[in-house]
Amino acid sequence: MQYSKEIDKKWQEKWKENDVYRYDPNSKNKKLYTLEMFSYPSGAKLHLGHWFNYAPADSFARFKKMQGYNVFHPMGFDAFGLPAENYAIKTGIHPEESTRKNIETMKRQLQEMGGSYDWNYSVETCMPDYYKWTQWIFTKLYENGLAYKKEAPVNWCDSCKTVLANEQVIGGKCERCGSEVKRKKLSQWFFKITDYAEELLTGLKDLDWPESTKKVQVNWIGKSEGSEVIFKSEDNSFEITVFTTRIDTLNGVTYVVVAPESKLVEKITTEPNKEAVQKYISETLKLNEIERLSTEKEKTGVFTGAYVINPINGEKVPVWIADYVLEDYGTGAVMAVPAHDERDYEFAKKYNLPIKAVIRKEDSQEVELPFTEYGILFNSGKYDGMTSKEAQKQMVEDLSKNNQGKKSVNYRLKDWLISRQRYWGAPIPIIYCDKCGTVAVPEKDLPVLLPKNVEFKPDGESPLKKSSEFMNCTCPKCGGKATREADTLDTFVCSSWYELRYPDCKNSEKAFDKDVISKVAPVDVYVGGKEHAAMHLIYARFMTKALRDLGYLDFDEPFKKLIHQGMILGPDGNKMSKSKGNTVSPEEYIEKYGSDIFRMYIMFGFDYRQGGPWDEKGIDSMVKYFTRIERLIDTVNELKKNESSKNITAKEKDLLRLKNQTIKAMTADIDDFSFNTAIARSMELSNKLNEYIRENEINTKILLDTVKTYITLLAPLAPHFAEEQWEKLGEKGFVYNEQWPKVIESEMNGGTKEIPIQVNGKLKTCITVDADETPDNILKQIKSAPQVVEILENSEVVKEIYVPGKIFNIVIKKD
RNA sequence: GCUGAUGUGGCGGAACUGGCAGACGCACUGGACUCAAAAUCCAGCGGGAAACCAUGUGGGUUCGAGUCCCACCAUCAGCACCA
């Protein structure tokens, strides 16, 4: 029977009957936890992006299983979130209903893909048996001071009626709906990820992750080392602490700037300036963060009327407020050195503030302002003549004696805002009691169930607030009347620990058992999109470290190795999107060709890490390849009938050599997620086999042996198809349960190879030598070859370069 | 603007730590089979008559550069006054 989706079905049923994907936690084989980022069931179906992520990664898992690893390869669904809620608002279909339906469809499709998942190990984050433990983790973090509430300016999306994290604001617009983001103050829950800033940074060096992703995280954490300097007012009534990385420029300070939101502002502003300052602050609050930070925008500010004293030289400098200083970065105040900072320079020019140069280039007396590099100090009293580095050290030392300065480290990383004024998420398990204050819901009362009958149309209020049934409760401490927290958790919280739940997903006593999961976790190979480089991947790392410190885990990092698959673009080279009408649906292809042809094509046609524009013509090449294989198997089955054990000659040796070379190359390629070259190698072996069966005389044993190896090599890449060919060859059992072929070194021997001969680095000719000879003997063969002798005799040889067994280059004198 | 990635035939893409550029395919061309076509099989396939020239452009290092260094161009992605 020719390969088609019927064959897919046949083997899917057989696999199911025989439970071949059952994970055995007690296996003695070496464990390997390989995981793809779970999917969000927003659309109804798997799209091409899912396929490109999951199908090759599944081939990798199959390959590792055949190599003898005890592979743990689960799949689940990140099921809470905005799209389901937005869909519900639009259609009236409850998020739970649409999500359930989508999950069922996607699960079916993953099975149709031939995914080797053991569905006994799965999670769906919207199910109470999962979010119970998400809530439990929240309470543990709360009890240990890692979750706290604060009023903070947040990004507000008028259209979604919700708060967005900074990370979710894309280009000033809401990540999800695209409308303009504004600023608003709300009381919010945060996780104290900043406590882990340093470890999140240093931990990166031991991870087998793409360097570019590590850099994204380094920038996200944004460590900067500098100093804090305290500027006091003349009468000591207040002080302003600034953070600077350029304390060496301290003598050049001509004013100090405070963020408009700073609590200091009200205190220090003098009567005549009150009106102007008030006006400026209200103007600032109208702007959203993106507008405010735009480089395009002209810098603005206003004088407060206050002055402070520069601790290094006693100079009196004015205090301004300006929106280019942010309340939540550093200390919320900066010292301005217009001579040595672009921004300050621009600002000083605009408002006619003095500019005082204090750093110059080492070898020049002139200073072109602003001069922002390190150099030599002048105009700086006792520090004159010092280099920037020397002065930094000395100044911190001097200031620290009067408690007016110290070394300091700052991070760009902000605490993780986890409150969402949304319906479709895990309720934050907090109860507010008039007597007892804020109380975490005790473990025995978890989960705090998400009520079903709730009006969740957005109107600026948390939907749960509108359910009195949900809101009214009793205080777990005093038993008195109390109310619940109405906000739900950011879905990134749900996905920050899911990999820990998989191995122990049925546990109803705990989130996970430390001993159970430590046999499997951490994840050895994690595969997913680059777009999660900062958010998901940093949150999950934080969660692992926090849980470790609370004693629930004994490893530091969740994902040891990370691979990003590329993106498949539309045929027009643009990102696929419904609005552009350039989407490609895997379904039609599966229907028409069967899932293995589709899988093989997406693996062969693209570099896995790179992706590229979709090209459907490429599929035909795979159809042809499958047909060739089927013909090969038929022919072999014919030849098998007339067994012949022809003597082993060069032809057989060639075949065996290539077989082993193919095993070697494919093993390395699949290990490296280089599926396109692995398939290319398999094609070479297929070509060789076809060439061999055209021989007059063949050795059927060697042929059959090689064909069996060949099908085994194809098994992880084309799982259904390989089973079918395996059966056709008369083999019993599943090829999936076969051992991945091993290289037989002795069969690699023999044969010849070509050594390129260069003159002055340019290829002139090639010499055929015995492949197994020692490099010294190969050199002898090269030197006695007539072509080489001729070159050596007829030219003035300067040098001979011999890379043993690889290349021979003759450097001759040019005339 | 800054940071990062990418740039190789008509196309998708190969090329390990510097060592035969274009593996493996697609498309194309010629041939075989056929009354014919499709399918299949065989052969060819970067440019050039050749010397040679070719991995975005221009330099450099090296016996030798797609690979290393410098400058630039183009495309894509991320970040946004970070003190």
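Per chain, numbering begins at 1; letters A, B, ... match sequence-line order.
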### Task
Assess A:K651 against A:Y692: is NZ or CZ under 6.0 Å from the centre of the six-membered ring, and within 45 degrees of the ring's axis?
no

### Task
Using a 4.0 Å heavy-atom cut-off across all strands, classify A:V803 as base, sugar-phosphate, or nothing.
base

### Query
Just checking A:V334: base, sugar-phosphate only, or nothing, at a heavy-atom cut-off of under 4.0 Å?
base

### Query
Who are the side-chain hydrogen bond (donor to acceptor under 3.5 Å, both in side chains) partners of A:Q217, not counting sequence neighbours?
A:R541

### Query
Can a salt bridge be assigned to the pair A:K407 and A:E225 using a cut-off of 4.0 Å between side-chain N and carboxylate O?
no

### Task
Quick one: label A:K214 by what it contacts on the DNA or RNA (base, sugar-phosphate, nothing), any heavy atom closer than 4.0 Å.
nothing

### Query
Is a donor-acceptor pair below 3.5 Å formed from side chain A:E211 to base B:G4, judging by atom type as modelled?
no

### Query
A:F347 vs A:W320 aromatic rings, parallel, tilted or perpendicular, using cut-offs 30° and 60°?
perpendicular

### Query
Would you say A:V803 and A:F808 make side-chain contact, with heavy atoms under 4.5 Å?
no

Are there any protein N/O atoms within less than 3.5 Å of an N/O atom in nucleotides 14-17 of chain B, and if so, which ones and at what distance?
unit_1, atom_1, unit_2, atom_2, d
B:A14, OP1, A:D607, OD2, 3.0
B:A14, OP1, A:N676, ND2, 3.2

### Query
Is the cationic atom of A:R599 (NZ for Lys, CZ for Arg) positioned less than 6.0 Å from the six-membered ring centroid of A:W51 and within 45 degrees of its normal?
no

### Message
Once salt bridge (Lys or Arg N to Asp or Glu O under 4.0 Å) is applied, what residue pairs with a partner in residues 621-636 of chain A remain, sequence neighbours excluded?
### Response
A:D634-A:K728

### Query
Expressed as a whole number of Å, how far does the C1' atom of B:U75 sit from that of B:U8?
16 Å

Atom pairs, protein N/O to nucleotides 37-40 of chain B N/O, distance under 3.5 Å:
unit_1, atom_1, unit_2, atom_2, d
B:U40, O3', A:R631, NH2, 3.1

### Of A:A680 and A:D615, the one whose closest RNA chain B nucleotide lies more 5'
A:D615

### Query
For B:G58, does the glycosidic angle fall within 90° of 0 (syn) or outside that (anti)?
anti

### Query
What nucleic acid atoms does A:G618 come within less than 4.0 Å of, heavy atoms only: base, sugar-phosphate, or nothing?
nothing

### Query
A:G611 near the nucleic acid: base, sugar-phosphate alone, or nothing, with a heavy-atom cut-off under 4.0 Å?
sugar-phosphate

### Task
Name the nucleic acid region contacted by A:Y625, choosing base, sugar-phosphate or nothing; use a 4.0 angstrom heavy-atom cut-off, strictly under.
nothing

#### Entry: Salt-bridge present (A:E211, A:K214; N to O < 4.0 Å)
yes

Do any N or O atoms of the protein come closer than 3.5 Å to N or O atoms of nucleotides 43-50 of chain B, and which pairs are they?
none

### Query
How would you label the contact of A:E684 with the nucleic acid (heavy atoms, under 4.0 Å): base, sugar-phosphate, or nothing?
sugar-phosphate

### Task
Kindly express the pairing pattern of RNA chain B in dot-bracket notation, using | wherever a base pairs with another strand and counting only Watson-Crick or G-U pairs under 3.5 Å.
(((((((..(((......[....))).(((((.......))))).((....))..(((((..]....))))))))))))....

#### Entry: ring-ring contact (aromatic ring centres under 6.0 Å, His included) partner of A:F626, the single match among A:Y593, A:Y601, A:F721, A:F604
A:F721

